[in-house]
Structure formats: C-alpha cells, structure tokens
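Structure first, then comments.
Numbers restart at 1 for each chain; the letters A, B, ... are given by sequence-line order, proteins then strands. Remember, predicted model here, so these are calculated numbers, not experimental data.
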Protein chains: 2
Amino acid sequence: MPELPATRERILDAAEHAFMAHRYEGASMRQITGEAGVNLAAVNYHFGNKESLLHAVLKRRLDGLNQERLRVLDELEAAAAGAPLKPSQIVDAFFGTLLRMGAEPGGDTFMRLLGRILTEPAEFISVVLAQEYADVLERFKQALFHALPDVPREEIVWRFHFMLGATSYAIAGTDALRLVTDWQTEAADDGTDRLLPRLMSFLLGGLRAPLPEPPAKPKQRSRRKTP
Amino acid sequence: MPELPATRERILDAAEHAFMAHRYEGASMRQITGEAGVNLAAVNYHFGNKESLLHAVLKRRLDGLNQERLRVLDELEAAAAGAPLKPSQIVDAFFGTLLRMGAEPGGDTFMRLLGRILTEPAEFISVVLAQEYADVLERFKQALFHALPDVPREEIVWRFHFMLGATSYAIAGTDALRLVTDWQTEAADDGTDRLLPRLMSFLLGGLRAPLPEPPAKPKQRSRRKTP
DNA sequence: GTCTATATCATGATAGAC
DNA sequence: GTCTATCATGATATAGAC
C-alpha cells in the first residue's frame, strides 16, 4: 500500500502534541487541524468527534505499550517456572517499560501526554483508560500478590496506586518540577536518563516499606451495607 | 462586624466545590454563580475574573495549611535544639498536616481540589502555586537536607518531587483509584482514616530507599553551556 | 456597592458544494 | 475525501440601571 492516508496520521500527530501541550479541554480543534495543515472538518470526518480523537491518540500508543508490558511479564514468569518473581522485576516490567518507551525517539511527547491524561478526572477519560488498562493492571496485580505473599492484598493495591501517582507526576513533566526546585536546570538536562533509576529506587522503597500499624480498632468486623 | 458580605463567601464555597468537581476549565461561571445563588456578574465584580477567583479559593485554605506546616516544623526544630530531625518527623509535618486537614469537617473537598490542581499544568496555575508554596518548600527542603546529610541534595529534591506526586494522586481521589481496583468499595469506605498511615509508610519507604547506582558514566565533568 | 441585562467572542459540530 | 460557510451553544467580561 503505497498511498498511505497521510491526513489521519498527521491529525493524530498534531493532536498528540496539542493534547500534551494544552491537555484535552485546552486544545481546540482549530489548533490541531491548523498544526496538521488539514481542514477543520477533517477531524469530524475521520474520527467523528473530539472525544474519539483523543481515544484514537491514546490507543495508538497504549496498545503497543501494554502489549510490551505483558510480553515482558510473560517472559519473566516463564523463566521463573512457577517460582515467585522478585518485586523489582515486576515493577520494572510495568514502570520501566513505560519509562524506556519515553526514551525512544518520539516517545517523550506521548509520555508527558500520558502523565497529564492519567491525572485528568474528566468523566469519559476515566472510562477510556479503564478499558484500555483493565487486563494489564489485573495481571500485574496478580503478579505482585504472588511475589509478596506476606503482604495483605489490600496494601499492595494501595501501594500500586501510590506508585502510579508518583510516576504520573514524574512523567507529566518539568512544569510541576519547577515547583520544588529552583536549580531546575541542573536536574532537568540529565532528566530522562537518570529519571528511571531514581524513580525505580523510590518506587521499590515504597513498595517494600514496613507495613503501617493498623489504627487500633479491634472491633468492627464484617460490616455490610445492603445496596 | 455583624453584617458579613455573604455573597463573597458563598461564591468561594461554590467555586471550591465546582473546581473540585469539574476542575478549572470544566467549571463554568454559570455553574458557580448558579450554585451560589448569586448573579452571574457577581464573580467579576468581587474577584475580577475567573483566574483570580481560583487564586482566592486556593489562598483562603493554603494560607492556613502552610502556616500550620511551618508552625509544626518550627516546633520540632525548637524541641530538637539544633540536632537533626528524623525524616519521618519532617514528612509528617508536611504531608501529615495536609492529610489531617482533609480529615477535618469541611476539609475533604479542598483536599481533593488541591490534588487535582497540583496536577493541572495550566500556565497560570503553576505560577500561583509557585508563589504560594515557595517559602514552605524551601524550608522543608532545608530540613530534609539537614536530616539526611549523607544523601545527595539532588536526590532529596527528586524524592520530594516523587512524594508530592504520590500524594497528589492519592488525595485527588477515588476516580483514579477506580482504575487500579475493582473491589474499590472495600478500600474506599475506610478511605481517609487509613490513608494517612498507608501513605506515610510508602513515602518514608521511598525517601529512605537505597540510592540508585549512578549510570556508569565516569567521564563528562563540568559540562557548561553558555546561555 | 450590588445586581440585571447585554455585548463580544471562541468553541465543537454540521450541511452541502466540489 | 475535502472544502467553505454557517449554526447553536456556552464562555468571559462590561455598561449601566438600581
């Protein structure tokens, strides 16, 4: 197929950049189509509406990312032959794969987009992400349960959530980082190369931290509310 | 002053709720003024524009929060009489004070608002937050430097940033959490009470994690680019 | 000082010619 | 498939009456 539909890809590229720079609500169709050099109506023709456009932008990259995550996890589990994996292996398969994808040639804009999108609580975005992530998160949760049999599952879920937060915030980029450092320049230019080991150390430290002591409520067992 | 200007406060309350529910761009002036039961133009009269309204909403609560944080830190340092504080004390003074504020009667909506706002990369919001947070962050950074003299300052800054991310994400609320857990109900209803110890364990584990090994680049000293 | 009514503008989406 | 012209809607902000 020599004649590739250039407009569709041009729109996706421009939209990815615009959503990254101005997030969903701030990016207008006119900005996107203008940057792509296509007509305003082309988005509606090819994707239907703005929401579906964002969905297509995310799906184009997330599919590859999550396939790669599952592939790495499968490989690790096959090599372990039933023995529990090390938590660091699982964390690296999930978060390391993400960060390494961001280090690839064009991957940084998508990584920043993802960081911003993950924190966007707009109604339909949560739905899209939940669909896209459901099975991957389930597989990784199970892997962590298996790797940390002594840690209550509830704690693992909470910590996975904290890890997602730290990562989203970290990859969402330099804007927020400006808050916490004024000598940002030094920290920023070696940024991506050293982000991975730094974040990994932090995440693992948090994952393996001593359990909090329960809030000393010995009563209150099996409370159920009828829905 | 018996006759308090009810409209101003009514607008602030309604705006806080609307910004929390729909974030900055999604909350319309009509929603806010409608919920407050005041005229559409009242916002512009009292606050000038929408940006200044958000600034006022944040300032009303952040002032108290940050004063309290500094008070706690001062108290700890006075008690230590020059000796280094424990990292857990500093982390608790910063993040614990925030989470405890959220546990107060009306504090939860502001806490969720703050979580969302902290991840919002809109241009002017970063400026507002940077102003509001500058001295507090500086003080806490210095306290951590003092408490962890063996850890490179650069690493501390990075980890502080990761901690902010995990916390923002955690308090931004239940929406994102739905991603990672489907038995969310169980985790959600004891939510706030147990969030604090859980998050604190995680943050401390990350803060004290072993340092990452440097990326094995023995060369490259004192690179400077002329600006 | 406070609110009513209105002005001005930008957005996403569509209809229909080419 | 692509374009031009246009629509309806909801946004912020202002001018002027009470």
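Between B/Arg159 and B/Glu154, no side-chain nitrogen of the basic residue sits less than 4.0 Å from a carboxylate oxygen of the acidic one, so the salt-bridge criterion is not met.
Taking side-chain N and O atoms only, A/Arg30 has a distance below 4.0 Å to OP1 or OP2 of C/dT11. Using a 4.0 Å cut-off, no side-chain N or O of B/Thr7 falls inside it from OP1 or OP2 of C/dT2. At the phosphate of D/dA11, OP1 or OP2 sits under 4.0 Å from a side-chain N or O atom of B/Ser28.
If you take CD of B/Gln31 and C1' of D/dT12, they are 14 Å apart, rounded to a whole angstrom. Atom OH in B/Tyr45 sits about 15 Å away from atom C1' in D/dA17, given to the nearest Å. Computed from coordinates, the B/Arg10 CZ to C/dT2 P distance equals 13 Å when rounded to whole Å. Protein atom CZ of B/Phe47 is 14 Å distant from nucleotide atom P of D/dA13, rounded to whole Å. Remark: C1' of D/dG10 and NE2 of B/His22 are 15 Å apart, rounded to the nearest angstrom. Rounded to whole angstrom, the span from the CD1 atom of A/Ile32 across to the P atom of C/dA13 amounts to 11 Å. Look at CD on A/Glu51: it is 8 Å from P on C/dA13, rounded to the nearest Å. If you measure from atom NZ of B/Lys50 to atom P of D/dA11, you get 8 Å, rounded to the nearest angstrom.
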Test log, rule side-chain hydrogen bond (donor to acceptor under 3.5 Å, both in side chains), inputs A/Glu138 and A/Gln142: CA-CA 6 Å; A/Glu138 184 58 31; A/Gln142 294 301 333; 2.8 Å; yes
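Nearest to the side-chain atoms of A/Ala41 among the listed nucleotides D/dT12, C/dA15, C/dC3 stands C/dA15. Residue A/Asn39 places its side chain closer to D/dT4 than to any other of D/dT4, C/dT6, C/dC3. In this structure, of D/dT4, C/dT2, C/dA13, it is C/dA13 that holds the atom nearest to the side chain of A/Met29. Taking every side-chain heavy atom of A/Leu40 into account, C/dA13 is the closest of D/dT14, D/dG1, C/dA13. Nearest nucleotide to the side chain of A/Asn49, out of C/dT2, C/dA13, D/dG1: C/dA13. Between D/dA13, C/dA13, C/dT2, one nucleotide has an atom nearer to the side chain of B/His46 than all others, and that is C/dT2. Set against D/dA13, C/dA13, C/dT2, the side chain of A/Asn44 has C/dA13 as its closest nucleotide.
Within a 6.0 Å sphere centred on NE2 of B/His17, other residues, nucleotides and ligands contribute 12 heavy atoms or fewer.
Figure legend: B/Lys50 and B/Tyr24 shown as a cation-pi pair, the cationic atom lying under 6.0 angstrom from the six-membered ring centre and within 45 degrees of its axis. A cation-pi arrangement, defined by a distance under 6.0 Å to the six-membered ring centre and an angle within 45 degrees of its axis, is present between A/Arg69 and A/Phe94.
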